[in-house]
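Just so it is clear, the values below take in all heavy atoms, side chains as well, and ignore hydrogens, waters and symmetry mates. Since we're looking at a predicted model, the values are computed, not measured.
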Amino acid sequence: MINVATIGSSIITEAFARAVAQVDGIALHTATSRDVERAAEIARRIGAPHAASDLDAVLADPAIDAVYVGSPNSVHAEQIRAALAAGRHVFVEKPAVTSEQEWVALTREATARGLILMEGMRLAYDPGIGVVCDLLPTLGVLRRASLHYGKRSSRYDDVLAGRRVNIFDPAMGGGALADLGVYSVHAAVLLFGRPESVQALDVPIASGADGAGVALLGYPGLVVDVSYSKITNAGRPSEIEGEQATLSVDDLVSPRRVVRHAVDGDREVVEIPDERHSLRGEVERFVALVGAGATAAAEDQERTRLTLETMARIRAALAR
């Protein structure tokens, strides 16, 4: 059994806890927060039997096997580093860290210590993305794709009212690209690999963060636009266009309906019924990696590295 200590008090920590409840071989042990009363409240909400405010003490507890990092993006790296130094496996929420360089250093440390370090990127472990990957070869030569994810944050009203919000605070690693654009970029990397060229535009908001944006990723013979927003809702499917057919994907993060439109008019609909929690796949992958050993995570870690690299190239394109 992998006993997990959680760090973070956001909604995503609760979602992680619900997914853990559906997976064998892993269990919540301790909820951690800087305030002991807050920690106790989180533990109650997520069903963890213990609560603590001293992270160092939690990491030193021999009952803890792994740490879930669901804190603000800007502190992920230091918390991952502390957990690895204590000999604990780490499951970190997306985006894993704020730079490719940090991620490379941390993955090397994890491997050297024989530990698993994995980013929680749910789309990569969702059964729907497997359907998309299976259908890609049937599209013919790929020429264009549009991958997007947009969801208006309930916290955007706070920004409009002049209040500070971590997920919209650049100093905390917040913003649309980091929080939601990472899905679109990761999908592009997973499906098509590293882009040869990157162009980008974004929409700045009052907090100084990006509220929405779009990047154009160039591949040999293929152009991919990735778009994202935390201040508007997206209502259209993502698409992948080949010379023989086009694939329509209802939800990039958790595909449940994929439609193949052939140039001859043929139409194939694939429904992906899945009553599991949307984060279950990534939790199952983490459990499997812990059982397989540190080097088993190399492919997962490389996708995260390429995603962080591409996001850095997008930011560089925006700065020009």
Side-chain angles (χ1 to χ4, degrees), residues 1-84 86-96 116-122 125 151 153-158 163-169 172-174 179-180 230 253-254 274-287 290:
M1 181 65 68
I2 303 168
N3 288 317
V4 180
T6 65
I7 305 173
S9 57
S10 66
I11 293 173
I12 194 62
T13 301
E14 296 182 43
F16 173 78
R18 290 193 294 272
V20 165
Q22 296 185 6
V23 179
D24 293 333
I26 187 169
L28 301 178
H29 186 280
T30 303
T32 308
S33 181
R34 287 174 297 180
D35 178 83
V36 66
E37 292 183 0
R38 178 67 169 159
E41 170 61 18
I42 297 167
R44 184 193 64 78
R45 290 204 318 261
I46 68 175
H50 305 283
S53 58
D54 185 340
L55 180 58
D56 289 338
V58 170
L59 294 178
D61 184 348
I64 300 298
D65 303 301
V67 174
Y68 166 81
V69 178
S71 50
N73 302 336
S74 60
V75 297
H76 282 187
E78 65 180 84
Q79 291 173 344
I80 293 170
R81 194 171 293 110
L84 293 177
R88 310 304 176 214
H89 303 290
V90 180
F91 181 111
V92 58
E93 270 302 328
K94 57 77 190 167
I116 292 299
L117 170 57
M118 175 186 148
E119 179 187 44
M121 175 53 65
R122 56 177 166 163
Y125 309 104
K151 186 174 183 181
S153 171
S154 60
R155 303 303 304 278
Y156 184 47
D157 289 333
D158 290 329
R163 291 186 286 271
R164 178 181 169 277
V165 181
N166 283 348
I167 59 172
F168 283 109
D169 185 350
M172 300 299 288
D179 194 45
L180 296 187
K230 282 186 69 65
V253 175
S254 298
D274 192 351
E275 297 179 357
R276 309 179 317 165
H277 192 278
S278 61
L279 305 188
R280 178 172 168 176
E282 61 188 52
V283 176
E284 289 176 333
R285 177 63 173 169
F286 182 68
V287 172
V290 170

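The main-chain N or O of T6 is found under 3.5 Å from a side-chain atom of T32 such that the two form a donor-acceptor pair. Of the possible donor and acceptor atoms, one in the side chain of D65 sits under 3.5 Å from a partner among the backbone N and O of N3.
Sorted by first then second residue, the ring-ring contact (aromatic ring centres under 6.0 Å, His included) pairs that include residues 32-63, not counting sequence neighbours, are H29-H50.
A 4.5 Å side-chain heavy-atom check between H89 and I2 finds every atom pair outside the cut-off. Within the 4.5 Å cutoff, side-chain heavy atoms of V20 are placed close to those of F16. When side chains are defined from C-beta on, Y125 does not count as touching R280, because their heavy atoms never get closer than 4.5 Å. With contacts defined as side-chain heavy-atom distances shorter than 4.5 Å, the pair K94/H76 does not qualify. With a 4.5 Å cut-off on side-chain heavy atoms, L55 and V67 do not count as touching. Side-chain contact between L59 and I64: absent, with no pair of heavy atoms (C-beta onward) separated by less than 4.5 Å.
Minimum heavy-atom separation, M1 to I26: SD-N, 3.2 Å. The heavy-atom pair separating A48 from A31 by the smallest distance is CB-N, 4.0 Å. For the pair L28 and P49, the tightest heavy-atom approach, listed with the atom from each and the gap, is O-CD, 3.4 Å. The minimum heavy-atom distance linking N73 with G173 is given by the pair ND2-O, 2.8 Å. When every heavy atom of I42 is checked against every heavy atom of G8, the shortest pair comes out as CD1-O, 4.1 Å. I46 and T13 make their closest contact through CG2-O, 4.3 Å (heavy atoms, listed as atom of the first residue, atom of the second, distance).
When each of R163, R164, R155 is tested with D169 by the rule salt bridge (Lys or Arg N to Asp or Glu O under 4.0 Å), just one qualifies, namely R164.
One finds the CG atom of D179 at 7.5 Å from the OG atom of S153 (value rounded to the nearest 0.5 Å).
Ring geometry for F286 versus F91: interplanar angle over 60°, hence perpendicular rather than tilted (30 to 60°).
The residues R38 and E41 are annotated as not salt-bridged, no charged nitrogen and carboxylate oxygen being separated by less than 4.0 angstrom.
Applying the salt bridge (charged side-chain N to carboxylate O under 4.0 Å, His left out) rule to E14 yields the partners R45; only residues at least two apart in sequence or on another chain are considered.
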